[in-house]
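Inspection log for the structure reproduced underneath, given as structure tokens.
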Amino acid sequence: MRRSTLLVPLVALLLVLLAVAAYLRIAHQSEPAQTATTAADAPAVGGPFTLVAPDGRTVTERDFRGRWMLVFFGYTFCPDVCPTALASVSLTLERLGPLADRLAPVFISIDPERDTPEVVGAYVRQFDPRITGLTGTPEQVRAAAQAYRAFFRKVAAEDLGGEAGDDAYLMEHSAWLYLMDPEGRFVRVFPHSVDPEELAAGIAAAMGETLVASGDKAS
Amino acid sequence: MKRLPRRTLLVATLALGLLAPAARAEEVRAGDLVIRDPWAVATVGGQKASGAFMVIENRGNTPAILVGVVSPVAKKVQIHRTIMKDGVARMVPQARIEIPPKGEVVLKRGGLHVMLMGLHQPLAAGDRIPLTLRFAERGNVQLEVPVRPPFARRDRKARGD
Ligand SMILES: [Cu+2]
């Protein structure tokens, strides 16, 4: 009897330790090569870009100076990864409360062929009006992705069992959320599937702020 | 439409029609298959693609093989699996999905989805779109899938996406 009552908390503790260990391992493995590039000699993540906003205005990285940036590369044709990331960003903005004013979430399309400025604008607005959706010419988009060391590749319709020239092609793309500081310097990445609570805490920590407990958040 | 009795489809369609306006947790039974909580993602601003999600349960004693999905709303419909590798996301077409006996397969974000490509019309939240699941041996299952926004704060947790 006594032994079994002791056993339960012990097993529980062991399970918690195992879960923490597993989490740390996964978190560690999911860090991209980019996080290693904080060393001075490694190529920097982020940099100048020139893209187009939903209202047709030309936008560069300088327009975001003075605010933290959370950058994600994706495309509106994508029903899974991109909505997951944008939903997480939206909940994170809510969770950040007033701190959200210091953050500029930016969604950059890597599919400019289909994603016109209007399409990207309407798409991101569904998640949160504070998210800026950007696209551009294929050259502008390629340059922006290169600046962030973000990978993308078109998978033609004929490689998916369709006919050549079909517009039902897909894109493969890096799915990190890049956090940049107000000077435009790379801080860290989060996986696209990050829990909003964790994302909000990570951003607040980078800002040197502490989040109030979720029960009494200001919104 | 191979083995599945026409009557089952009719009943399923009727039941859906009656439940349509308010139903949250929808369920369609066809033989030993049960399709639960199907939904498709609403489109905006001329988006040409969408995805559909659901739970497919197999109450039978033999594996059920989903071999394809068709819908009049899109030029091309495929079953995709989202794969994350080295931080890169891609969608990989699946020729078949096996639902084990007395088991289920969940189509949800981060895993499998029905990919609707080359939409002939926008999908508006509140619409219902026809979707036909094609199973080997078991025939077709007809669904009327409700369309919802890609993200709604309130029911995000409940929907598990
Ligand atoms: Cu897909």
Side-chain angles (χ1 to χ4, degrees), chain A residues 29-34 54 73-91 94 114-128 133 150-153 155 157 159-163 166-176 189 191-193 196, chain B residues 39-53 68 74-95 107-120 122-125 147-157 159-161:
Chain A
Q29 283 172 349
S30 59
E31 300 278 302
Q34 282 93 321
F73 292 89
Y75 67 129
T76 70
F77 205 76
C78 151
D80 184 332
V81 168
C82 306
T84 300
L86 290 172
S88 185
V89 169
S90 170
L91 290 167
E94 208 163 275
R114 284 185 298 219
D115 288 343
T116 63
E118 300 77 35
V119 171
V120 176
Y123 183 72
V124 298
R125 257 196 303 281
Q126 298 178 99
F127 297 89
D128 200 296
F151 167 87
F152 69 95
R153 187 174 79 94
V155 182
D159 295 330
L160 297 160
E163 299 116 56
D166 197 328
D167 65 356
Y169 61 87
L170 299 177
M171 303 298 292
E172 300 181 352
H173 61 94
S174 295
W176 299 105
V189 291
H192 83 279
S193 54
Chain B
W39 71 285
V41 186
T43 61
V44 288
Q47 254 179 292
K48 283 289 185 213
S50 177
F53 304 91
K75 198 158 72 178
K76 187 155 72 173
V77 185
Q78 292 182 333
I79 306 159
H80 284 177
R81 186 183 294 282
T82 298
I83 308 244
M84 287 293 307
K85 194 169 179 287
D86 301 325
V88 173
R90 59 201 177 99
M91 297 191 278
V92 182
Q94 309 286 302
L107 279 68
K108 62 169 186 181
R109 284 182 182 150
L112 294 164
H113 59 262
V114 173
M115 184 83 181
L116 304 161
M117 293 181 281
L119 291 172
H120 299 304
L123 306 186
V147 177
R148 293 193 210 146
F151 167 63
R153 272 181 193 81
R154 267 172 303 119
D155 59 12
R156 183 178 176 271
K157 282 270 146 53
R159 236 162 57 204
D161 54 12

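Because the structure is predicted, anything quoted here is derived from the model rather than measured. Note on naming: letters A, B, ... go to the chains in the order of the sequence lines (proteins, then strands), and numbering restarts at 1 for each one.
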When rounded to the nearest 0.5 angstrom, what is the spacing between [atom1] in [X] and [atom2] in [Y]?
{"X": "A:Glu172", "Y": "B:Met91", "atom1": "CD", "atom2": "CE", "value": "10.0 Å"}
{"X": "A:Cys78", "Y": "B:Arg90", "atom1": "SG", "atom2": "CZ", "value": "14.0 Å"}
{"X": "A:Thr84", "Y": "B:Lys108", "atom1": "OG1", "atom2": "NZ", "value": "10.5 Å"}

Qualifying residue for side chain to side chain contact (heavy atoms under 4.5 Å, CB included) with B:Val44, from A:Gln126, A:Glu118, A:Arg125
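The residue from A:Gln126, A:Glu118, A:Arg125 that satisfies side chain to side chain contact (heavy atoms under 4.5 Å, CB included) with B:Val44 turns out to be A:Gln126.
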
Criterion side chain to side chain contact (heavy atoms under 4.5 Å, CB included) on A:Asp128 and B:Phe151, from CA distance to verdict
CA-CA 10 Å; A:Asp128 200 296; B:Phe151 167 63; over 6 Å; no

Region of [X] in contact with chain B, defined by heavy-atom distances below 4.5 Å:
{"X": "A:Tyr75", "answer": "side chain"}
{"X": "A:Thr76", "answer": "both"}
{"X": "A:Phe151", "answer": "side chain"}

Pick whichever of A:Val81, A:Leu170, A:Leu86 has the most heavy-atom pairs under 4.5 Å with chain B.
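Maximum pair count with chain B is reached by A:Leu170.
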
I'd like to verify something: which residue of B:Ala74, B:Ala52, B:Gly110, B:Ala42 has the highest number of heavy-atom pairs under 4.5 Å with chain A?
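Option with the top pair count is B:Gly110.
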
Considering all heavy atoms of both residues, which atom of B:Arg109 and which atom of A:Pro79 are nearest to each other, and what is their separation?
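Shortest heavy-atom separation between B:Arg109 and A:Pro79 comes out as NE-O, 3.3 Å.
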
